[in-house]
Amino acid sequence: MDASDEEQDDRKGPKVNGLAVNGAHANGWIQKSKRGGGASSGSSVGGSSKLRELQAQRRRLPIAQGREALIEQIRNNDVTVLLGETGSGKTTQVPQYILESGIAGPGIIAVTQPRRVAATSLAARVAAEQGTTLGGLVGYSVRFDEVAGPDTRIKYMTDGMLVRELLSDPLLTRYSAIIVDEAHERTLRTDLLITKLKTILKKRNGDGPLKNKDKGKATAMSGNPVKVIIMSATLDAEKFSKFYDDCKILYVKGRQHPVKIYHTAEGQPDYVDATLRTLFQIHVDQPPGDVLIFLPGQEDIESLHKSIQLYASRLPLDKMAVLTCPMFAALPPAQQAKIFQTTPPNTRKCILATNIAETSITIPGIKYVIDTGKHKEKRHLAHDTGSGFDALLTRDITKSSAMQRAGRAGREGKGFCFRLYTEEAFEAMAVSSEPEIRRTSLTSAALQLKCLGEDIEDLDFLDRPDLESIISALKTLYFLNAVDKSNRITDAGRSMAAFPLEPNLACAVLEAVKNGCALEVIDIVSVLSSTSKLFFDISDEREVAAEVRRKFRHRSGDHMTILNALRSYQDVAATESKAARKEWCRKQYLNERTLLEAVKIRDQLRATCEKMSIGWQSSAQDDERPVTKSLFRGLVLHSALLQPDGTTFKQVYGRSVIKIHPGSAIADQKVPAIIYDELVYTNHIYARGVSAIPKAFLAEISTHIKSQIA
DNA sequence: TGGGGATTT
């Protein structure tokens, strides 16, 4: 291993003790931390030693030094950008400072997070620091789970929840402070919030410049002003500041141990083999400490897992043992939990992870990181004028990912990061990945904005989405009858937006209500919109799995097949224990995670129907025709016609020639036309989640929709 | 005839 041997100093930002404004050193005005007055710290009895220890810990956090300065800054400005490094304590402390100082009035302080786990665990921590029970003064709100009550003043929530709340309360009037955390991750929902907050600020705080406003001017809503704090961990802070009329940026140093970084002298095309060699080099030469290895996907993880076990079994007896733990999102929760168990004595734990370990989970005890420099990325490939398709590709990571990965070695002490790429390769990496708004479908966002009376093409974003992407979104909404030909939202469009679904699936549900099969379509759509796939193959058991699942097969295709599987699961779930249910799923080769999530989504969709006085109970019984017809309405842009060759299909509204995925229930049938859930590109463009439709459905599509085809 | 990075309402 050739070492370029540099201390980690990738983050070239100002590193100032405590806080500084716009990079200026802060010595003059930083004040000693004091317990603030203002709002009460909750219903704590005070005096418990645990609480005293938590409060002592709070005072030791890097951000505590700048507490008063930060409060003054927020008091005097509508918007503050806070650039805080890992371990600064910004996410837990800033909301408490705002509460304790009373600067944000009587409303709720919202703190948004891109991930559910972050929202729930942060809320638990802050509730403990306040000496209160979760759901009292401090609570959280994520999909399917809200722990908050009338006394809740600090609410951790997913960014998606706040975006959803915009639809019922466009000015977010319940909130007197909105803290957007992890803004550098640039999720679509964070970007939407940042954009909307700009107009919300103008409406609630007045039209003047956003910076340095000491007192709220008399405005329509001057009685209910809002404070906005954008928190970021990278230098993108400048961009946020510019967006909000050059508002001030505060910097707070983090608390991170140094990580020594090594690069290879040459590129490593066989990164799995290079990883194996590096790991055993660490194991033989380096002191105890656990190892975290970043790999692109499950396949590499499993192959490396086997190799490590093979080599580890041949280690001399006087060497420490090696315990390998795979870690990726699709892994069953029980196996995921293994990485948090304490390592047995005289053993080195070695975690093989995807980028789930980059931000989503923090594993304690990591001293060494091996970074292959690769990850998997879904790319939307445009194909002429037709609808595009997705491909999952292994690609180089970005500089910011590389830094984040290295940082995982320095959480508890001095660490080491072995990069399996050259320093030149690091320098050639992109700084950070493209914001999600420039990579993902905008159909749903465009519809939600339409509901708020705004046009996505006119809005001020941190980064503008591609015009092509906007046009495609609006075209899709028109095909679904969510907007009319003048681009105005329709009643149907408003109803679609009320569902927590992609507009195409929401459209299918509304159509199913008309066709008397809402029960079935809601069930199917619930599975389709789950995070994971229902039929999830284990590589060496594909044939057995296919055979076992044959009993769910429906001749019309995968949608009815999914319904059959869900129904069977429901029958088992009605009578059997949790353990028996799990065992049944395993035997049927069904992903229980998907089924559990689908049932929750189904209940939420039924509740949404009830709120809108839409009946969800209508059933087509055993007739699948109204079901596929309803799905066709939503998936109209995903329809394709059989070609004369009798095996391939051509998109009706695009130019791609596609095949039915071999795993489909109708892969071996000859059908005249199909609808599909998605296209995946491997050796061919394959349609997945396919059902047969009569050609007559296509003929029935009205002519004015046809005229819209590019 | 074949391959599931990570999020979220």
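So you know, we letter chains A, B, ... as the sequences are listed, proteins then strands, and number each from 1.
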As a test of reading the structure: which of [options] is closest to the side chain of [X], going by heavy atoms?
| X | options | value |
| --- | --- | --- |
| A:Ile356 | B:dG5, B:dG2, B:dT7 | B:dT7 |
| A:Leu392 | B:dT1, B:dT7, B:dG5 | B:dG5 |
| A:Thr682 | B:dG4, B:dT9, B:dT7 | B:dG4 |
| A:His661 | B:dT7, B:dG4, B:dG2 | B:dG2 |
| A:Met161 | B:dT7, B:dT9, B:dT1 | B:dT9 |
| A:Ser360 | B:dG5, B:dA6, B:dG3 | B:dA6 |
| A:Glu436 | B:dG2, B:dG5, B:dT7 | B:dT7 |
| A:Thr531 | B:dG2, B:dT9, B:dT7 | B:dT7 |

Could you check whether [X] gets within reach of a base, just the sugar-phosphate, or nothing at all, counting any heavy atom under 4.0 Å?
| X | value |
| --- | --- |
| A:Arg115 | sugar-phosphate |
| A:Ala667 | nothing |
| A:Thr158 | sugar-phosphate |
| A:Val142 | sugar-phosphate |
| A:Lys378 | base |

Is the shortest side-chain N/O distance from A:Arg116 to OP1 or OP2 of B:dT9 below 4.0 Å?
->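 It does, given that an N or O in the side chain of A:Arg116 lies less than 4.0 Å from OP1 or OP2 of B:dT9.
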Looking at A:Tyr686, does any N or O in its side chain come under 4.0 Å of the phosphate oxygens OP1/OP2 on B:dT1?
->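 Looking at the OP1 and OP2 atoms of B:dT1, neither is under 4.0 Å from any side-chain N or O of A:Tyr686.
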To the nearest Å, give me how far apart [atom1] ([X]) and [atom2] ([N]) are.
| X | N | atom1 | atom2 | result |
| --- | --- | --- | --- | --- |
| A:Asp371 | B:dG5 | CG | P | 17 Å |
| A:Leu393 | B:dG4 | CG | C1' | 14 Å |
| A:Gln298 | B:dG4 | CD | P | 10 Å |
| A:Asn683 | B:dG2 | CG | P | 6 Å |
| A:Glu597 | B:dT7 | CD | C1' | 12 Å |
| A:Glu434 | B:dG5 | CD | P | 22 Å |
| A:Lys533 | B:dG3 | NZ | P | 14 Å |
| A:Leu167 | B:dT9 | CG | P | 14 Å |

Want to settle it: does A:Gln604 or A:Gly297 sit nearer the 5' end of DNA chain B, counting the closest nucleotide to each?
->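 With A:Gln604 and A:Gly297 compared, the 5'-side residue is A:Gly297.
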Nearest-nucleotide wise, let me know which of A:Ala330 and A:Glu502 is further upstream toward the 5' end of DNA chain B.
->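 In this pair, the answer is A:Ala330.
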Could you walk me through whether A:Thr490 and A:Asn481 pass the side-chain hydrogen bond (donor to acceptor under 3.5 Å, both in side chains) test, one step at a time?
-> CA-CA 7 Å; A:Thr490 61; A:Asn481 189 33; 4.6 Å; no
If the threshold is 4.0 Å, N to carboxylate O, is there a salt bridge linking [X] and [Y]?
| X | Y | answer |
| --- | --- | --- |
| A:Lys533 | A:Glu678 | yes |
| A:Glu592 | A:Arg586 | no |
| A:Glu299 | A:Lys376 | no |

Of A:Arg186, A:Arg439, A:Arg438, the residue whose pairing with A:Asp463 passes salt bridge (Lys or Arg N to Asp or Glu O under 4.0 Å) |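 Of the listed options, the one satisfying the test is A:Arg186.
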Can you check B:dG5 for me, syn or anti if syn means within 90° of 0?
->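 Anti conformation for B:dG5.
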Taking the six-membered ring of A:Tyr676 (Phe, Tyr or Trp), confirm whether the NZ or CZ of A:Arg688 is under 6.0 Å from its centre and within 45° of its axis.
->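 No, a cation-pi geometry is absent between A:Arg688 and A:Tyr676.
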